[in-house]
Structure formats: structure tokens, C-alpha cells
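Taking it in order: structure first as C-alpha cells, then the write-up.
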Amino acid sequence: ARVRGEVIMIDFSILALTIFYALFGVLLMIISNIIIDFFIPGNFPEEIKRGNRAVAWLSAGSFIGIGTIIRAVISTPVYDASSLDFISGVTATGVYTLLGILAFITGFFIINVWHRNYELPQEIMRGNTAAGIYIFGVYIGLALVIGGAVH
């Protein structure tokens with residue numbers, strides 16, 4: 001490719017790393033959503049199939065939140081391109097993803113206890129969109145804090 005007469009070289013090792021982390025990130029986001037679904041009463045796929053927007057908001061928050069954490073770990077310039085550092089980078093990504101999952105589940109239940117006037121899991125499974133958006137915000141906030149701590 002040329003840009004104003006200059007030849008742009010593509011570093012295929014960086015391209016391969018990008019593809020790897022994209023696929024790894026998608027896998028981690030799916031696994032995270034499954035784990036969060038396990039701990040929060042209800043069946044996310046079934047609820048989304050029936051059009052439950054509250055569950056969709058909660059799921060979107062978990063995907064965006066975990067993605068934010070993964071991005072923070074990947075973009076932290078702690079690891080070089082050597083194979084040992086690649087393994088350390090993948091390990092760190094997994095560890096921080098697990099931290100995110102634990103924070104999201106813990107945050108959900110802390111918020112549920114804090115709001116004693118209603119049961120958050122039932123409100124979400126009932127389709128209360130406001131409850132889903134609320135948890136979406138909690139997840140994004142937690143992700144920003146965790147992602148910031150990574151740097």
C-alpha cells in the first residue's frame with residue numbers, strides 16, 4: 001500500500017497478535033457472560049430470545065465491561081514481543097478477566113442488598129429495563145476502575 005508516495009509495511013507478527021487477541025477477547029467475553037449468567041438467577045439466552053431488554057442491557061454491560069478490562073491489559077506496555085512475555089500477557093489477560101467477572105458478580109449482589117425494597121434478579125428477569133440499565137452502568141463503572149488500575 002502507498003500513502004503519498006511512501007510504502008507502508010505490514011508487520012505480520014503484529015497482525016497475527018491482533019487477530020489472536022480479537023478471537024481470545026471474544027472467547028473471554030462469551031465465557032464471562034456464561035459465568036455471570038450462572039450466578040444471576042435466570043437463563044440469559046432464553047430471556048433474550050423472549051425479548052427481555054433488561055437481560056440484554058445486563059449482558060451488554062458484561063460484554064463491554066470485560067472488553068474494556070481486556071483492552072486495558074492488552075494496551076498496557078508491560079510485555080515485550082518475546083514468547084515468554086506473550087504467555088505472560090495472555091495469562092494477565094485471563095487473570096484480569098477473572099477479576100472482572102468476580103467484581104461484576106459481587107457488584108451485582110452488593111447492589112441487590114443495598115436496594116432492599118426490591119429483588120434485583122427478579123426485576124431483571126421480569127423485564128424491568130431500568131434494572132438492566134442500572135446493572136449495565138454498574139458493570140461499566142467497575143470495568144473502568146479495574147481497567148484504570150491495570151495502567
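Only this structure's heavy atoms are used, side chains among them; waters, hydrogens and symmetry mates stay out.
- Note on residues 129-142: pairs passing side-chain hydrogen bond (donor to acceptor under 3.5 Å, both in side chains), not counting sequence neighbours, are His115-Tyr134.
- Residue Gly127 comes nearest to Ala54 through the heavy atom pair C-CB, 3.9 Å, listed as atom of the first residue, atom of the second, then distance.
- Within the structure, ring pair (Phe, Tyr, Trp, His ring centres under 6.0 Å) contacts touching residues 36-66 (residues at least two apart or in different chains) are Trp57-Phe136.
- If you chain together hydrophobic residues whose side chains sit under 4.5 Å apart, Leu23 and Leu15 fall into the same group.
- Here the CD1 atom belonging to Ile69 is positioned 8.0 Å from the CG atom belonging to Leu142, to the nearest 0.5 angstrom.
- Within 6.0 Å of CD1 in Ile10 there are 12 or fewer heavy atoms belonging to other residues, nucleotides or ligands.
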Using a 3.5 Å cut-off and no angle test, enumerate the donor-acceptor pairs between side-chain atoms of residues 95-112 and protein atoms at least two apart in sequence or in another chain.
unit_1 : atom_1 : unit_2 : atom_2 : d
Thr97  : OG1    : Thr93  : O      : 2.7
Thr106 : OG1    : Leu102 : O      : 2.7
Asn112 : OD1    : Leu120 : N      : 2.7

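- Phe12 contributes atom CZ, which lies 14.5 Å from atom CG of Leu17 (distance to the nearest 0.5 angstrom).
- Applying the side-chain hydrogen bond (donor to acceptor under 3.5 Å, both in side chains) test to pairs two or more places apart or on separate chains, those with a residue in residues 18-46 are Asn33-Ser62.
- Applying the salt bridge (charged side-chain N to carboxylate O under 4.0 Å, His left out) test to pairs two or more places apart or on separate chains, none has a residue in residues 88-108.
- Contact of the Phe24 side chain with the Ile70 side chain is not registered, since no non-hydrogen atoms from C-beta on lie closer than 4.5 Å.
- Nearest approach of Asn52 to Val55, heavy atoms of both residues: OD1-N, 3.1 Å.
- The hydrophobic clustering, which links ILVMFWY residues whose side-chain heavy atoms are closer than 4.5 Å, places Ile48 and Ile40 together.
- Listed by first and then second residue, the salt bridge (charged side-chain N to carboxylate O under 4.0 Å, His left out) pairs that reach into residues 20-35 come to none, sequence neighbours excluded.
- Judged as a side chain to side chain donor-acceptor pair (under 3.5 Å), and not counting sequence neighbours, Arg71 has no contacts.
- Residues Ile35 and Ile31 form a side-chain contact, since some pair of their non-hydrogen atoms from C-beta on lies under 4.5 Å apart.
- For Arg50, the side chain to side chain donor-acceptor pair (under 3.5 Å) partners are Glu47, not counting sequence neighbours.
- With hydrophobic clusters built from ILVMFWY side chains whose heavy atoms lie under 4.5 angstrom apart, Ile140 does not share a cluster with Ile124.
- With sequence neighbours left out, Ile34 forms a side chain to side chain contact (heavy atoms under 4.5 Å, CB included) with Ile30.
- The salt bridge (charged side-chain N to carboxylate O under 4.0 Å, His left out) contacts involving residues 106-125 comprise Glu123-Arg126, where partners must be two or more places apart or lie in separate chains.
- Following chains of ILVMFWY side-chain contacts shorter than 4.5 Å, one can reach Ile135 starting from Trp114, so the two form part of one hydrophobic cluster.
- Both Leu144 and Ile64 belong to a single network of hydrophobic side chains, linked directly or stepwise wherever heavy atoms of I, L, V, M, F, W or Y lie under 4.5 Å apart.
- To the nearest 0.5 Å, atom OG1 of residue Thr68 and atom CE of residue Met29 are 9.5 Å apart.
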